[in-house]
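Data block below; observations after.
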Amino acid sequence: MVDDDRDVLEALESRLMIAGYNVIACASYIHAKDHLVPGFEGCVVTDIRMPGKTGLDLIARANAVDPELPVIVLTGFAETETVVRAMREGAVTVLEKPCPMEMLIETIAEALARRGAVLKLRKSRVKRAVAGRPPKDRALSPQLAEYEAELVRRALKRNDGNKAKTAQELGISRSQLYAKIKILGL
């Protein structure tokens, strides 16, 4: 949860904790960015207008870390241009303050359900990818397979899904890239 208004941040944190959620409350982009790591099991709820880096910057950071990390925007300034930009940057939804708590909780529950499904699918793909490797490699294989999958995923995104450009960027042939995509389930 990211909001520069301390009163709003504390109120939302309390309400969400009462609803059973673990909340990491941050008053700025700077405080929030270090919590965004690959495999983060939660979602991000952020304001747009904040001093320094904005919620749009946080959406971009979340997207760079994991394009499937859900970001919910909760803003008091829901102008059409801002909403469109937030959605283009990767927000799953934009809610306008004041937002009914039930709506926010429902939106968070949906985002967390999708996030859980994504992480479960990734884990099963990594397990499948590792299954064919010799036993001596299995100790590090899940971590290496997930890292490799993340590298390929990011390269594909940077190249707008163009496999020829992605293969060139990664320094592998297209057939090797196709094999990796199939093995990693991307």
Side-chain angles (χ1 to χ4, degrees), residues 1-3 12-13 15-26 32-48 55-75 83-95 99-133 138 140-163 166 170 177-186:
M1 170 77 52
V2 187
D3 199 310
L12 289 173
E13 178 184 24
R15 294 288 306 271
L16 291 172
M17 290 177 76
I18 289 168
Y21 292 104
N22 293 322
V23 179
I24 301 170
C26 301
K33 70 177 177 60
D34 293 333
H35 295 286
L36 302 178
V37 295
F40 179 70
E41 294 181 359
C43 67
V44 177
V45 178
T46 185
D47 191 7
I48 289 285
L56 294 172
D57 296 313
L58 191 61
I59 295 169
R61 170 71 178 196
N63 235 346
V65 168
D66 185 339
E68 295 173 300
L69 179 60
V71 179
I72 299 164
V73 172
L74 183 61
T75 183
V83 171
V84 169
R85 184 159 176 221
M87 297 299 284
R88 281 190 183 147
E89 292 289 329
V92 294
T93 193
V94 177
L95 302 173
C99 171
M101 200 63 199
E102 299 76 27
M103 182 184 290
L104 178 59
I105 289 172
E106 182 179 314
T107 304
I108 290 171
E110 290 169 2
L112 291 175
R114 282 193 303 268
R115 183 63 176 164
V118 164
L119 293 176
K120 184 177 179 180
L121 181 61
R122 283 184 189 170
K123 195 173 190 178
S124 70
R125 287 177 179 167
V126 169
K127 284 181 181 177
R128 282 195 315 258
V130 171
R133 296 186 180 170
R138 288 214 174 134
L140 291 177
S141 293
Q143 293 87 354
L144 292 175
E146 180 60 31
Y147 179 71
E148 183 177 41
E150 189 61 30
L151 288 176
V152 172
R153 201 177 291 116
R154 286 183 184 183
L156 281 165
K157 184 173 182 184
R158 278 192 301 276
N159 292 294
D160 296 321
N162 184 312
K163 292 178 179 69
T166 300
L170 295 173
L177 177 62
Y178 285 114
K180 287 189 181 303
I181 289 171
K182 184 176 179 182
I183 289 169
L184 296 169
L186 300 176

(request) Tell me, please, which residues at least two apart from Ala62 pass side chain to side chain contact (heavy atoms under 4.5 Å, CB included). (result) Leu36, Leu69, Val71
(message) Glu106: which residues meet the side chain to side chain contact (heavy atoms under 4.5 Å, CB included) condition with it, sequence neighbours left out?
(response) Glu110
(message) How about CG on Asn22, more than 12 heavy atoms from neighbouring residues, nucleotides or ligands closer than 6.0 Å, or not?
(response) no
(request) Would you sort out whether Met87 and Val94 count as a side-chain contact (heavy atoms from CB on, under 4.5 Å), showing the intermediate values? (result) CA-CA 8 Å; Met87 297 299 284; Val94 177; 3.9 Å; yes
(message) Show the nearest heavy-atom pair for residues Gly42 and Pro70, with the distance to one decimal.
(response) O-CD, 4.1 Å
(request) Would you mind reporting whether Ile105 and Leu16 have side-chain heavy atoms less than 4.5 Å apart? (result) yes
(message) On a heavy-atom basis, which atom in Ala86 and which in Leu56 lie closest, and how many Å separate them?
(response) CA-CD2, 3.7 Å
(request) For residues Leu12 and Met101, determine if any side-chain heavy atom of one lies less than 4.5 Å from a side-chain heavy atom of the other. (result) yes
(request) Nearest 0.5 Å please: distance from the OH atom of Tyr178 over to the NZ atom of Lys163. (result) 5.5 Å
(request) For a side-chain contact (heavy atoms from CB on, under 4.5 Å) with Leu74, tell me which candidate from Thr107, Thr46, Thr93, Val45 qualifies. (result) Val45
(request) Report, as yes or no, whether the 6.0 Å neighbourhood of atom CE on Met17 holds more than 12 heavy atoms from other residues, nucleotides or ligands. (result) no
(request) Could you tell me the separation between the CD atom of Glu89 and the CZ atom of Arg61, rounded to the nearest 0.5 Å? (result) 15.0 Å
(request) Would you check if Glu41 and Leu119 make a side-chain contact, meaning some heavy-atom pair closer than 4.5 Å? (result) yes
(message) Heavy-atom count check: over 12 atoms from other residues, nucleotides or ligands less than 6.0 Å from Arg154 CZ?
(response) yes
(message) Less than 4.5 Å apart, side chain to side chain, heavy atoms only: is that true for Ile59 and Val73?
(response) yes
(request) Work out which heavy atom in Pro38 is nearest to a heavy atom in Val65; give both atom names and the distance. (result) N-CG1, 3.4 Å
(message) Could you measure the distance from the CG atom of Leu170 to the CD atom of Glu148? Nearest 0.5 Å is fine.
(response) 9.0 Å
(request) Begin from the C-alpha positions of Ile181 and Leu156 and carry the test side-chain contact (heavy atoms from CB on, under 4.5 Å) through to its verdict. (result) CA-CA 10 Å; Ile181 289 171; Leu156 281 165; 4.2 Å; yes
(request) Check whether any side-chain heavy atom of Arg85 sits under 4.5 Å from a side-chain heavy atom of Ile48, and report yes or no. (result) no
(request) Can you see which heavy atom on Ala32 is nearest to which on Cys26, and at what distance? (result) CA-SG, 3.7 Å
(message) What I'd like to find out is whether the side chain of Tyr21 reaches to under 4.5 Å of the side chain of Leu112, using heavy atoms alone.
(response) yes
(message) If the test is side chain to side chain donor-acceptor pair (under 3.5 Å), which one of Arg122, Arg115, Arg114 qualifies with Glu68?
(response) Arg122
(request) Before giving the answer on side-chain contact (heavy atoms from CB on, under 4.5 Å), spell out for Arg158 and Thr166 the whole-Å C-alpha distance, their side-chain angles and the decisive distance to 0.1 Å. (result) CA-CA 8 Å; Arg158 278 192 301 276; Thr166 300; over 6 Å; no
(message) Before you tell me yes or no, could you show the steps for Val118 and Asp66 under side-chain contact (heavy atoms from CB on, under 4.5 Å), namely the whole-Å CA-CA distance, both residues' side-chain angles and the distance that decides it to 0.1 Å?
(response) CA-CA 11 Å; Val118 164; Asp66 185 339; 5.7 Å; no
(message) For the NZ atom on Lys123, are there more than 12 heavy atoms of other groups (residues, nucleotides or ligands in this structure) within a distance under 6.0 Å?
(response) no
(request) Search all heavy atoms of Cys99 against all heavy atoms of Leu95 and return the closest pair with its distance. (result) SG-CD1, 3.9 Å
